[in-house]
Structures are given as C-alpha cells and as structure tokens.
Novice: 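Just dropping this structure here.
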Amino acid sequence: MTAEERLVFLKDLEGAWPDAQTELHYTTPFTLLVAVVLSAQATDASVNKVTPALFAAAPTPQVMMQLSEEEAGAYIRTIGLWRNKARNIVELSRQLVERHGGEVPDTRDDLEALAGVGRKTANVILSVLFHQPTVPVDTHVFRLANRTGLGRGKTVEAVEKKLEKVIPTRMIRDSHHWLILQGRYVCKARKPECWRCVAANDCLYPDKTDRPEI
DNA sequence: AACTCGGGGCA
DNA sequence: TGCCCAGAGTT
C-alpha cells in the first residue's frame, strides 16, 4: 500500500464495524489512566458501567489512594480480574501522588513503573494524552497487522515499530479504535469477515473468506 | 515462554 | 455450557 492508500484504509475503517462501537468514559488524565487499567481483558461497555460511581467517589489519586482494596473492589466487582485491578488502582494512585505530584507522567518508563500499567496501556496514555506517535498493540491489532501485512512482526514491539512508520503521525491518535475494532469485529481470530475488510485486496492471509450466500 | 487472574460475551 | 478474551505480573 502507498501512504495515500493507507490513509484511505484507516479512514475507511471508521464505518467498518457494527453498532458495538464503544469508548471508555473519562474526564481527566487520571480517570483515563484508571479506566484503561480497568479495561484489560474486559470490554469498554463493562468498564463504563462501573466507572461513574468509582470516579464520583474517588475522582483524584489523592482520594483514591485512601481507599482500601475492599472499598475499591466494591465498585468494580462486575468486571473480570477485579481483585487485581482494585489493588492496582489504589497502589497506582499512591504512586502518582508520591512520585509525580498526583499528575500522570509523560514518559514510557514512568508509566510502565506504575501498578497495572504495561506496554499497551502506556502507549494509550502517551498517544492520547501526550500526542506521541505510539501505537497500542493488543491481540486484535497484532493479528490484524500480521495478517494484512500492514505491520508484520513476531513481537508486539516489532509490530508497534512497523505501524508507527506506516500510519501517518497525525492520524495515530485516532487510529487506535479503528484498528482495534477492525481486528475485533472484522479481522476476527476465528471466521474473519474478509468481505467487509477494506484491506482484503492487499491482505496476505491465506484463508480469506467470501460473503456467505443469503 | 508459560502460567494466573475472572466476570462477560458469544457460539 | 464451554471457550476466549480491549493485559499485566510473576516465575
């Protein structure tokens, strides 16, 4: 694909997934960080169900760090891994206050040193909050990038670097949901719906599927 | 690299 | 019902 075609590819993704489009709800850098931490291995919809009450009770790290793990856990019992996440968001809040004056740090090292924050979450924050050209690569984006050839690589880091070169810098910030939703709902792990994919012509995936007969 | 956490979504 | 996660941490 040429750079121009890639641009069209990314823009076309916007209409390529079904109604299931969701987005994490947040109002501040801190609540975004917590929401992303909670979203690991969970859907945005399930996270959005618990964050209003959680953020109403603890809108800042200064307040959230004072919650016990049990108190924090009571807000998020409906999402998976909630025990780990309750511990992480309380600890993460304390770390923000102690290390960064209650602010969300803007470097990869500082972010990944926080409880519950790994590479993917750090990339979300760096990109969305600080406009750095990083691409969060989850399992869906990893699969999509390797199948289509948009960014092939054996490791997440390798795929990341490829995508960062391939995607125009000014579009990276908005490309996250497109890539993830495209991977989740079109370029699915099983039974991909290749007839809906705007990259099907360039795709290297050997078992491309056709639209089923109605 | 393999294992664990876990309620939800989906077949 | 069983399988697989919009990952991160530990071994």
Side-chain angles (χ1 to χ4, degrees), chain A residues 10 13-14 16-26 31-54 69-70 72-96 104-105 108-129 134-147 150-151 153-160 163 167 172-193 196 209 212:
Chain A
L10 290 170
L13 291 184
E14 193 165 19
W17 56 82
D19 303 331
Q21 179 179 12
T22 58
E23 198 164 345
L24 288 175
H25 296 167
Y26 66 93
T31 57
L32 169 64
L33 177 57
V34 172
V36 176
V37 168
L38 295 180
S39 75
Q41 299 295 99
T43 62
D44 281 4
S46 67
V47 173
N48 285 337
K49 274 197 291 187
V50 304
T51 46
L54 174 65
E69 292 180 18
E70 291 73 18
Y75 289 102
I76 62 175
R77 279 208 181 132
T78 56
I79 62 177
L81 308 177
W82 63 270
R83 295 173 201 277
N84 287 342
K85 290 171 180 175
R87 174 164 39 82
N88 282 339
I89 61 177
V90 172
E91 173 67 9
L92 170 153
S93 296
R94 190 184 62 75
Q95 292 169 330
L96 287 180
V104 176
R108 171 178 304 287
D109 286 346
D110 285 345
L111 285 166
E112 291 191 7
L114 299 171
V117 179
R119 188 169 185 94
K120 185 252 181 180
T121 300
N123 280 4
V124 172
I125 300 302
L126 288 171
S127 168
V128 174
L129 237 42
T134 72
V135 178
V137 175
D138 57 33
T139 56
H140 296 308
V141 176
F142 187 84
R143 180 179 62 250
L144 169 72
N146 274 295
R147 278 185 183 168
L150 191 66
K154 288 188 176 181
T155 66
V156 168
E157 288 81 358
V159 171
E160 241 175 58
L163 290 180
I167 300 173
I172 282 186
R173 188 159 171 260
D174 292 323
S175 68
H176 301 160
H177 281 282
W178 303 353
L179 290 172
I180 291 173
L181 293 171
Q182 176 77 2
R184 172 126 178 79
Y185 295 110
V186 179
C187 194
K188 300 185 293 187
R190 294 179 305 282
K191 298 183 181 180
E193 300 182 6
R196 301 175 50 213
T209 57

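This structure is a prediction, so every number in the text was calculated from the model and none was measured. Computed from heavy atoms alone, side chains included, the values below leave out hydrogens, waters and symmetry copies. Naming convention: chains lettered A, B, ... in sequence-line order (proteins, then strands); numbering from 1 in each chain.
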Novice: Specify the separation, in whole Å, of atom NZ of A/Lys85 and atom C1' of B/dG7.
Specialist: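 About 9 Å, once rounded to whole Å.
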
Novice: Any salt bridge between A/Glu69 and A/Arg83, counting N to O under 4.0 Å?
Specialist: no

Novice: Can you tell me the distance, in whole Å, between the NZ atom of A/Lys188 and the C1' atom of C/dC3?
Specialist: 15 Å

Novice: Across the strands shown, which category fits A/Ser46 at heavy-atom distances under 4.0 angstrom: base, sugar-phosphate, nothing?
Specialist: nothing

Novice: When the P atoms of C/dT1 and B/dG6 are considered, how many whole Å apart are they?
Specialist: 24 Å

Novice: If you round to the nearest 0.5 Å, how far is CD of A/Glu193 from OH of A/Tyr185?
Specialist: 11.5 Å

Novice: Applying a 4.0 Å non-hydrogen cut-off, can you work out what A/Gly80 is touching in the nucleic acid: base, sugar-phosphate, or nothing?
Specialist: base

Novice: So, does A/Thr121 get its side chain near the phosphate of C/dA8, meaning an N or O under 4.0 Å from OP1 or OP2?
Specialist: yes

Novice: Give one of base, sugar-phosphate or nothing for A/Val117, where a contact means two heavy atoms less than 4.0 Å apart.
Specialist: sugar-phosphate

Novice: Roughly how far, to the nearest 0.5 Å, is CG of A/Leu111 from OG1 of A/Thr121?
Specialist: 9.5 Å

Novice: Determine: side-chain N/O of A/Gln41 to OP1/OP2 of C/dG7, distance under 4.0 Å, yes or no.
Specialist: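 Answer yes for this pair, as a side-chain N or O of A/Gln41 is under 4.0 Å from OP1 or OP2.
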
Novice: Sticking with atom P, work out how far B/dC10 lies from C/dG7, rounded to a whole angstrom.
Specialist: 15 Å

Novice: Taking CG from A/Asn88 and C1' from B/dT4, how many angstroms apart are they, rounded to a whole number?
Specialist: 14 Å

Novice: Just how far, in rounded Å, is P of B/dT4 from CG of A/Leu81?
Specialist: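 In whole Å, B/dT4 P lies 14 Å from A/Leu81 CG.
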
Novice: Strictly below 4.0 Å: does A/Trp82 bring a side-chain N or O up to OP1 or OP2 of B/dC5?
Specialist: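 So the side chain of A/Trp82 is outside the cut-off, no N or O lying under 4.0 Å from OP1 or OP2 of B/dC5.
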
Novice: Taking OP1 and OP2 of B/dG6, is either one under 4.0 Å from a side-chain nitrogen or oxygen of A/Arg83?
Specialist: yes

Novice: Whole angstroms only, please: what is the CG-P distance between A/Leu33 and C/dA8?
Specialist: 11 Å

Novice: Tell me which nucleotide among C/dC4, B/dG6, B/dG7 gets nearest to the side chain of A/Asn84.
Specialist: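 Minimum distance to the A/Asn84 side chain belongs to B/dG6.
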
Novice: Nearest to the side chain of A/Thr43, which nucleotide is it out of B/dG9, C/dC4, C/dG7?
Specialist: B/dG9

Novice: Measuring from atom CG of A/Asn48 to atom CG of A/Leu38, what distance do you get when rounded to the nearest 0.5 angstrom?
Specialist: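 CG of A/Leu38 is found 10.5 Å from CG of A/Asn48.
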
Novice: Report the nucleotide, chosen from B/dG7, C/dA8, B/dG9, that has the shortest atom-to-atom distance to any side-chain atom of A/Lys120.
Specialist: C/dA8

Novice: In whole angstroms, how far is the C1' atom of C/dG7 from the CZ atom of A/Phe142?
Specialist: 14 Å

Novice: Using modelled atom types and a 3.5 Å cut-off, is there a donor and acceptor pairing between side-chain atoms of A/Ser46 and backbone atoms of A/Ala42?
Specialist: no

Novice: State the CG-CD1 distance between A/Asp138 and A/Ile180, to the nearest 0.5 angstrom.
Specialist: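 If I round to the nearest 0.5 Å, the distance is 4.5 Å.
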
Novice: For the pair made of CZ in A/Arg184 and C1' in C/dC5, what is the distance, rounded to whole Å?
Specialist: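 That distance rounds to 7 Å.
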
Novice: Provide, to the nearest angstrom, the distance between the CG atom belonging to A/Asp44 and the P atom belonging to B/dG7.
Specialist: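 That distance rounds to 19 Å.
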
Novice: Assign A/Ile79 to base, sugar-phosphate, or nothing according to its heavy-atom contacts below 4.0 angstrom with the strands shown.
Specialist: sugar-phosphate

Novice: Base, sugar-phosphate, or nothing: which does A/Leu114 touch, judged by heavy atoms less than 4.0 Å apart?
Specialist: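 If one applies the 4.0 Å heavy-atom cut-off, A/Leu114 turns out to touch the sugar-phosphate alone, with no base involved.
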
